[in-house]
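Just below is one structure, and these are the notes that go with it.
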Amino acid sequence: MLDISIFRNDLDGAVEQLKRRGVDFDRVHFSNLEAQRKTVQVQTQTLQAERNSRSKGIGQAKAKGEDIAPLLAEVGTLGEQLKAAEEELQGIQRELNELFMGLPNFLDESVPEGKSEDDNVEVRTWGEPTSFDFEAKDHIDLGAQLEQMDFDVASKITGSRFVTLSGPLARLQRALTQFMLDLHSDVHGYSETYVPFMVNSESLKGTGQLPKFEEDLFKLSGDSGYYLIPTAEVPVTNIVRDTIIDAAKLPLKFVAHTPCFRSEAGSYGRDVRGMVRQHQFEKVELVQIVRPDEAEEAHEALTNNAEMVLQKLGLPYRVVVLCAGDTGFSATKTYDIEVWLPGQQKFREISSCSHFGNFQARRLKARWRNPETGKPELAHTINGSGLAVGRTLIAVMENYQTEEGRIRIPDVLKPYMGNRELV
RNA sequence: GGAGAGGUGGCUGAGUGGCCGAAAGCGGCGGUCUUGAAAACCGUUGAGGGUUUGUCCCCUCCGUGGGUUCGAAUCCCACCCUCUCCGCCA
């Protein structure tokens with residue numbers, strides 16, 4: 001959530017910021033609401049103060065054994081007035097809160113202008129697109145030929161956008177997961193974390209998926225109100241919800257492997273074939289909770305941590321910075337890492353590394369105690385995939401395929417694959 | 001699923017209608033002492049918001065949401081969560 005005081009102090013600037021995101025902020029509506037809030041809040045608090053002092057007076061009179069009947073009569077309709085004022089204030093505050101919960105984060109100055117993913121800006125590339133002296137297949141054909149990847153069986157079991165893996169290919173996915181977890185925990189200093197795969201709505205509000213993006217989520221039936229997680233970001237970041245973190249403990253660095261569940265509402269017709277876009281996929285997620293003054297550096301570092309997975313695997317990729325129109329709701333700046341997929345002759349997103357500033361922290365009430373001021377201040381949150389395992393599996397298959405349709409196993413994965421050479 | 005206990009400040013834990021934003025202890029911070037540290041002693045120490053820049057005043061917060069009352073941490077109702085015992089179970 002954005003800081004409402006920015007809107008109070010510099011409405012023009014705030015409106016301008018939102019315009020970059022294509023949000024047309026209704027400043028008249030806001031100003032009216034805010035003026036009402038001010039009036040009603042002062043009125044409410046005045047009435048509360050009066051109630052408090054009169055009640056105190058009655059208590060003291062009673063203690064002295066005086067007659068309190070006249071005092072009680074004086075209170076009169078104060079209670080009713082107060083109740084009415086409190087209800088009005090509550091209504092206004094609810095409206096303001098709803099308004100602000102629906103506003104996206106301000107963008108970082110360095111985010112390029114633009115409307116769609118076509119306007120994202122390449123920051124760097126690593127490696128050269130893999131070339132073959134034969135006709136390269138995509139992962140769908142490779143998986144089918146190996147008879148270790150089956151979309152038809154999955155659609156029988158469940159429906160579209162699911163897959164089954166079997167044999168060495170299933171193990172390869174597990175190997176990738178293990179490799180990523182080990183790299184991030186042993187080398188990059190993240191703390192391995194296991195979390196629930198279902199979360200309550202408070203957690204989803206905290207990280208920004210709710211209230212605006214409910215249609216992207218799978219909600220469980222029954223009374224629990226729980227949702228399947230769309231990313232480990234939700235449970236992991238919510239570890240620090242409603243906490244004040246000791247400055248000495250920062251930065252907090254978590255790595256978690258979870259399945260992710262997404263309804264993919266609105267993506268009908270996109271990537272319908274293959275494993276690129278599924279309702280369920282595996283992901284290794286990196287999350288950092290940091291001091292504001294270290295956030296930008298941490299965002300770069302986290303992105304590099306994710307890139308390192310691809311470098312170790314020898315998979316060519318590029319990094320792009322998302323433009324204004326493509327940057328997600330809660331993020332102030334996002335780098336996407338895109339891996340080269342020979343089957344599509346394209347770079348495809350395999351990781352999204354975002355800096356949220358204090359946007360999530362304000363919703364989460366995630367704070368740290370600044371030793372300089374002694375006061376709690378909002379932390380900054382950063383996260384990124386390190387990496388999307390399913391898509392990494394695809395990338396390995398397509399980039400490491402042989403003419404016979406087998407998959408060579410990257411060196412770093414061999415220990416996890418019983419030292420075999422080929423799938 | 002059945003029975004019971006409990007949710008209070010960074011932590012432990014008192015508090016059953018007004019003197020309670022809340023005892024005490026621990027922890028933290030500052031100081032005295034010390035070559036330094038520890039110990040001891042003294043002081044200090046919750047969060048959020050309004051108003052205002054007069055740092056004086058005011059408001060809210062004792063799991064959450066309602067209710068009773070002039071007045072609620074304290075009484076009533078609902079819900080959530082934690083723990084213990086029994087049953088069941090991966």
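A, B, ... follow the sequence lines: proteins, then strands. Residue 1 opens every chain. It should be emphasised that the depicted structure is a prediction, and the values quoted were computed from it without experimental measurement.
A:Ile92 has its CD1 atom 16 Å from the C1' atom of B:rC59, to the nearest Å. Between A:Glu87 atom CD and B:rG66 atom C1' the separation is 11 Å, expressed in whole Å. Counting to the nearest Å, the C1' atom of B:rG63 and the CG atom of A:Asn200 are 14 Å from each other. Atom CD of A:Gln43 and atom P of B:rU51 are 15 Å apart (whole Å). Rounded to an integer number of Å, the gap from A:Asp246 CG to B:rC11 P is 13 Å. Rounding to whole angstrom units, CD of residue A:Glu86 and C1' of B:rG66 are separated by 13 Å. When rounded to the nearest whole Å, the span between NZ of A:Lys365 and C1' of B:rU60 equals 14 Å. Here the C1' atom of nucleotide B:rG66 and the NZ atom of A:Lys83 are 10 Å apart, to the nearest Å.
Summarising the base pairing, B:rA90 is matched to no nucleotide, lacking a Watson-Crick or G-U wobble pair whose two defining distances lie under 3.5 Å. The partner of B:rC85 is B:rG2, judged by Watson-Crick or G-U wobble contacts that both fall below 3.5 Å. Nucleotide B:rU44 is matched to B:rG28 when pairs are restricted to Watson-Crick or G-U wobble geometry with both distances under 3.5 angstrom. Within the shown strands, B:rG18 is the pairing partner of B:rC70 under the Watson-Crick or G-U definition, both distances less than 3.5 Å. For B:rC56, there is no paired base (Watson-Crick or G-U wobble, both distances below 3.5 Å). In this structure, B:rA37 makes no Watson-Crick or G-U wobble pair, since no nucleotide meets both defining distances under 3.5 angstrom. Across all strands shown, B:rU51 forms no Watson-Crick or G-U wobble pair with both key distances under 3.5 Å. Both distances falling under 3.5 Å, in either a Watson-Crick or a G-U wobble arrangement, occur for no nucleotide opposite B:rA23.
For residues 299-308 of chain A, every residue pair satisfying the salt bridge (charged side-chain N to carboxylate O under 4.0 Å, His left out) rule, not counting sequence neighbours, is listed here: A:Arg124-A:Glu307. Within the structure, side chain to side chain donor-acceptor pair (under 3.5 Å) pairs that include any residue of residues 183-200 of chain A comprise A:His184-A:His188, A:Tyr190-A:Gln288, A:Tyr190-A:Asn305, A:Asn200-A:Ser203 (at least two apart or interchain). Here salt bridge (charged side-chain N to carboxylate O under 4.0 Å, His left out) pairs that include residues 7-22 of chain A, with residues two or more places apart or in two chains, are A:Arg8-A:Glu34, A:Asp12-A:Arg27, A:Arg20-A:Glu113. Within the structure, salt bridge (charged side-chain N to carboxylate O under 4.0 Å, His left out) pairs that include any residue of residues 154-180 of chain A do not occur (at least two apart or interchain).
Distance noted for atom P between B:rC26 and B:rC41: 9 Å (whole Å). Taking the C1' atoms as reference points, B:rC11 lies 31 Å from B:rA3, given to the whole Å. Comparing B:rU68 with B:rU74, their P atoms are spaced 15 Å from each other, to the whole Å. Atom P of B:rA14 sits at a distance of 37 Å from the matching atom of B:rU32, rounded to the whole Å. For the P atoms, the distance linking B:rC77 with B:rG4 amounts to 15 Å, nearest Å. Distance check on atom C1': B:rU84 versus B:rC79 gives 22 Å, rounded to whole Å. Separation of the P atoms belonging to B:rU45 and B:rC57 is 15 Å when rounded to the nearest angstrom. Atom C1' of B:rC61 sits at a distance of 9 Å from the matching atom of B:rG21, rounded to the whole Å.
For the residue pair A:Glu233 / A:Gln360, a side-chain donor-acceptor distance below 3.5 Å is found, with atom types taken as modelled.
In this structure, the nucleotide among B:rU60, B:rC58, B:rU51 sitting nearest to the side chain of A:Asn52 is B:rU60. In this structure, the nucleotide among B:rC59, B:rU51, B:rG66 sitting nearest to the side chain of A:Lys38 is B:rU51.
More than 12 heavy-atom neighbours from other residues, nucleotides or ligands sit within 6.0 angstrom of NZ on A:Lys212. Applying the 6.0 Å contact sphere to CD of A:Glu215 captures more than 12 heavy atoms from other residues, nucleotides or ligands.
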Hey, can you pull the donor-acceptor pairs under 3.5 Å for the side chains in residues 414-421 of chain A, sequence neighbours left out?
from, atom 1, to, atom 2, distance (Å)
A:Lys414, NZ, A:Asp411, OD1, 2.9
A:Lys414, NZ, A:Glu421, OE1, 3.2
A:Tyr416, OH, A:Asp182, OD2, 2.6
A:Arg420, NE, A:Met417, O, 3.4

Got a list of side-chain donor-acceptor pairs under 3.5 Å for residues 79-102 of chain A, not counting sequence neighbours?
from, atom 1, to, atom 2, distance (Å)
A:Glu86, OE2, A:Gln48, NE2, 3.0

For a quick test of your reading: what N or O donor-acceptor pairs under 3.5 Å do the side chains of residues 280-287 of chain A make, sequence neighbours left out?
from, atom 1, to, atom 2, distance (Å)
A:Glu282, OE1, A:His257, NE2, 2.5
A:Lys283, NZ, A:Thr231, OG1, 2.9
A:Lys283, NZ, A:Glu285, OE1, 2.6

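A heavy-atom distance below 4.5 Å is found between the side chains of A:Asp138 and A:Arg273.
Along RNA chain B, the nucleotide closest to A:Gln41 and the one closest to A:Glu50 are compared, and the more 5′ of them pairs with A:Gln41.
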Check: protein-nucleotides 45-48 of chain B nitrogen or oxygen pairs below 3.5 Å:
from, atom 1, to, atom 2, distance (Å)
B:rA47, OP1, A:Arg369, NH1, 3.3
B:rA47, O3', A:Arg367, NH1, 3.2
B:rA47, O2', A:Arg367, NH1, 3.4

Between the protein and nucleotides 69-72 of chain B, list every N/O to N/O distance that falls short of 3.5 Å.
from, atom 1, to, atom 2, distance (Å)
B:rC70, O2', A:Ser55, OG, 3.2
B:rG71, O4', A:Ser55, OG, 2.9

